[in-house]
Peer 1: 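Dropping a structure here in structure tokens format, bear with me for questions.
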Amino acid sequence: MSILNLSEIYRAELSDEDFDKMGTLIFKMAGIKMPPSKKIMVQARLKKRLRALNMNSFAEYVRYVFSKEGMDMELIHILDVISTNKTDFFREPIHFSFLSGQVLPQFMEQHQSGSFKVWSAGCSSGEEVYTLAMVLSEFSLAKPSFDYSILGTDISTAILAMATNGVFTESRLKPAVPDCLIRKYFMKSKDAAQKTYRVVPEIRRKTRFNRVNFMDDSYPVGEKFDAIFCRNVLIYFDRDTQEKVVQKLCNYLKPGGYFFHGHSESLIGMNLPLKNVKPTIFRK
Ligand SMILES: C[S@@+](CC[C@H](N)C(=O)[O-])C[C@H]1O[C@@H](n2cnc3c(N)ncnc32)[C@H](O)[C@@H]1O
């Protein structure tokens, strides 16, 4: 790509009309709200696509998106650049202490043995999945008859590829993950300059990842879960969409199963088959 071309992309601006078109499309595809306050953010993120396609203007890009070829090829890339993937290991740690202190001992009282199934719905790059894996694995060390499996799903295929890979930089891991857990559950890259760590195979084997779009009528997850973590995802949807998504998620929760949402989200006033047990924690 020429320097001239790059500077044209740098200056490219999304018109209000094209922003409306893209916002409506993104809302229809992913349920993500696109108020005018998000225009600058959308413009900045879509510039990555202009660069990738070697296009100079948003007018050209938006025409392409709404063409037959664009509809077939580009939508997946729009979701990859538009979705906000902020996540962390041990994010909102109260949920993990509630899981190991209450939910898992209760599960063992009721089942004696068996496999505890968790769904990280909107898992981003996998930090939530592997945090759950460490917590469940630690519990299984004390209770050998306990087993578990974790499903991670997201709408973005690019972020799911990162999650499946299970490779994290040192700065992602530290200080969120205690050193004793890093030593146990991660392998340091042999190339010292890289400072990356990969989740150990024993843990990766307990996890699987799939693409699920919450806007679909049903979710291809193949089973019901003892717990669903759907945290910091609902916040991007309007109230009506949030309620519909949680209602559908509840179809995949076992009776007595737990539902966890993020601390900046609320289910108050929604028509759901859930009872509130603690702030942000519900039970079917
Ligand atoms: C901010 S991250 C939250 C990650 C993790 N749950 C946490 O709390 O750290 C939100 C994730 O939701 C995903 N997402 C957004 N809209 C979605 C949709 N319609 N269907 C499925 N996932 C979606 C995004 O791709 C993103 O990875």
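One-based numbering, in listed order, for ligands and for the atoms of each.
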Peer 1: Enumerate the atoms of ligand 1 whose separation from the nearest heavy atom of Asn232 is less than 4.0 angstrom.
Peer 2: 1 (C), 2 (S), 3 (C), 7 (C), 8 (O), 10 (C)

Peer 1: Can you find a side-chain donor-acceptor pair between Arg231 and His95 that sits under 3.5 Å?
Peer 2: yes

Peer 1: Could you identify the single nearest non-hydrogen protein atom to atom 25 (O) of ligand 1 and state the distance to 0.1 Å?
Peer 2: Asp154 OD1, 2.5 Å

Peer 1: Assess the side chains of Asn210 and Thr153: does a donor N or O sit below 3.5 Å from an acceptor N or O?
Peer 2: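 The answer is no; no qualifying pair exists.
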
Peer 1: Could you tell me if the side chain of Lys248 sits less than 4.5 Å from the side chain of Tyr219, heavy atoms only?
Peer 2: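 When only atoms from C-beta onward are counted, Lys248 and Tyr219 do touch, with a gap below 4.5 Å.
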
Peer 1: Strictly by modelled atom types, are Tyr236 and Glu265 linked by a side-chain donor-acceptor pair under 3.5 Å?
Peer 2: no

Peer 1: Under 4.0 Å from ligand 1, counting heavy atoms only, is it the side chain of Glu128, its backbone, both or neither?
Peer 2: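 For Glu128, only side-chain atoms sit under 4.0 Å from ligand 1.
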
Peer 1: If only atom types and distance count, is the side chain of Arg283 paired as donor or acceptor with the main-chain N or O of Lys275 below 3.5 Å?
Peer 2: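 No, Arg283 side chain to Lys275 backbone: no donor-acceptor pair under 3.5 Å.
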
Peer 1: Do Ser189 and Tyr197 have side-chain heavy atoms sitting under 4.5 Å apart?
Peer 2: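 No, every pair of side-chain atoms sits at 4.5 Å or beyond.
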
Peer 1: Nearest to atom 20 (N) of ligand 1, what protein heavy atom do you find, and at what distance?
Peer 2: Phe214 N, 3.0 Å

Peer 1: Please could you name the atoms of ligand 1 that Ser83 approaches to less than 4.0 Å, counting only its heavy atoms?
Peer 2: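 Result: 24 (C), 25 (O).
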
Peer 1: Is the backbone N or O of Ile281 less than 3.5 Å from a side-chain atom of Asn276, with the two atoms forming a donor-acceptor pair by type?
Peer 2: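 Here the side-chain-to-backbone pair exists.
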
Peer 1: Using a 4.0 Å cut-off to any heavy atom of Ser124, which atoms of ligand 1 qualify?
Peer 2: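 By the 4.0 Å cutoff, the relevant atoms are 4 (C), 27 (O).
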
Peer 1: Please report whether ligand 1 has a polar contact with Cys123, defined as an N or O pair separated by less than 3.5 Å (distance criterion only).
Peer 2: no

Peer 1: Give me the nearest non-hydrogen protein atom to atom 19 (N) of ligand 1 as residue plus atom name, then the distance to 0.1 Å.
Peer 2: Ala30 O, 2.9 Å

Peer 1: Answer whether the closest heavy-atom distance between the side chains of Phe98 and Val103 falls below 4.5 Å.
Peer 2: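 Yes, their side chains come closer than 4.5 Å.
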
Peer 1: Can you tell me the protein heavy atom closest to atom 7 (C) of ligand 1 and the distance?
Peer 2: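 Of every protein heavy atom, Arg91 NH1, 3.2 Å lies nearest to atom 7 (C) of ligand 1.
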
Peer 1: Using a 4.5 Å cut-off on heavy atoms from C-beta on, say whether the side chain of Ser137 contacts that of Glu202.
Peer 2: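 Counting from C-beta outward, Glu202 and Ser137 never come under 4.5 Å.
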
Peer 1: Tell me whether the NZ or CZ atom of Lys254 lies within the 45° cone about the ring axis of Phe225 and under 6.0 Å from its centre.
Peer 2: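 No, Lys254 does not lie over the aromatic ring of Phe225.
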
Peer 1: Please determine if Asn85 has a nitrogen or oxygen closer than 3.5 Å to a nitrogen or oxygen of ligand 1.
Peer 2: yes

Peer 1: Got the closest protein heavy atom to atom 22 (N) of ligand 1, with its distance?
Peer 2: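 Answer for atom 22 (N) of ligand 1: Ile155 N, 3.4 Å.
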
Peer 1: Considering only non-hydrogen protein atoms, determine which one is nearest to atom 4 (C) of ligand 1 and report residue, atom name and distance to 0.1 Å.
Peer 2: Gly122 O, 3.3 Å

Peer 1: Mark up the atoms of ligand 1 that fall under 4.0 Å of a heavy atom belonging to Asn213, in ascending order.
Peer 2: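 Taking each heavy atom of Asn213 in turn, ligand 1 has 18 (C), 19 (N), 20 (N) under 4.0 Å.
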
Peer 1: Report the nearest protein non-hydrogen atom to atom 9 (O) of ligand 1: residue, atom name, distance rounded to 0.1 Å.
Peer 2: Thr87 OG1, 2.6 Å

Peer 1: Just go through Leu160, Val212, Thr84, Val233 and tell me whose heavy atom is the nearest to atom 2 (S) of ligand 1.
Peer 2: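 Nearest option to atom 2 (S) of ligand 1, by heavy atoms: Thr84.
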
Peer 1: With the side chain counted from C-beta on, respond yes when Val277 and Tyr258 share a heavy-atom pair under 4.5 Å apart, and no when they do not.
Peer 2: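 A side-chain contact exists here, since the closest heavy-atom pair is under 4.5 Å.
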
Peer 1: When you compare ligand 1 with Ser156, is there at least one nitrogen or oxygen pair between them that comes in under 3.5 angstrom?
Peer 2: no

Peer 1: Can you check whether Ile32 has an N/O within less than 3.5 Å of an N/O in ligand 1?
Peer 2: no

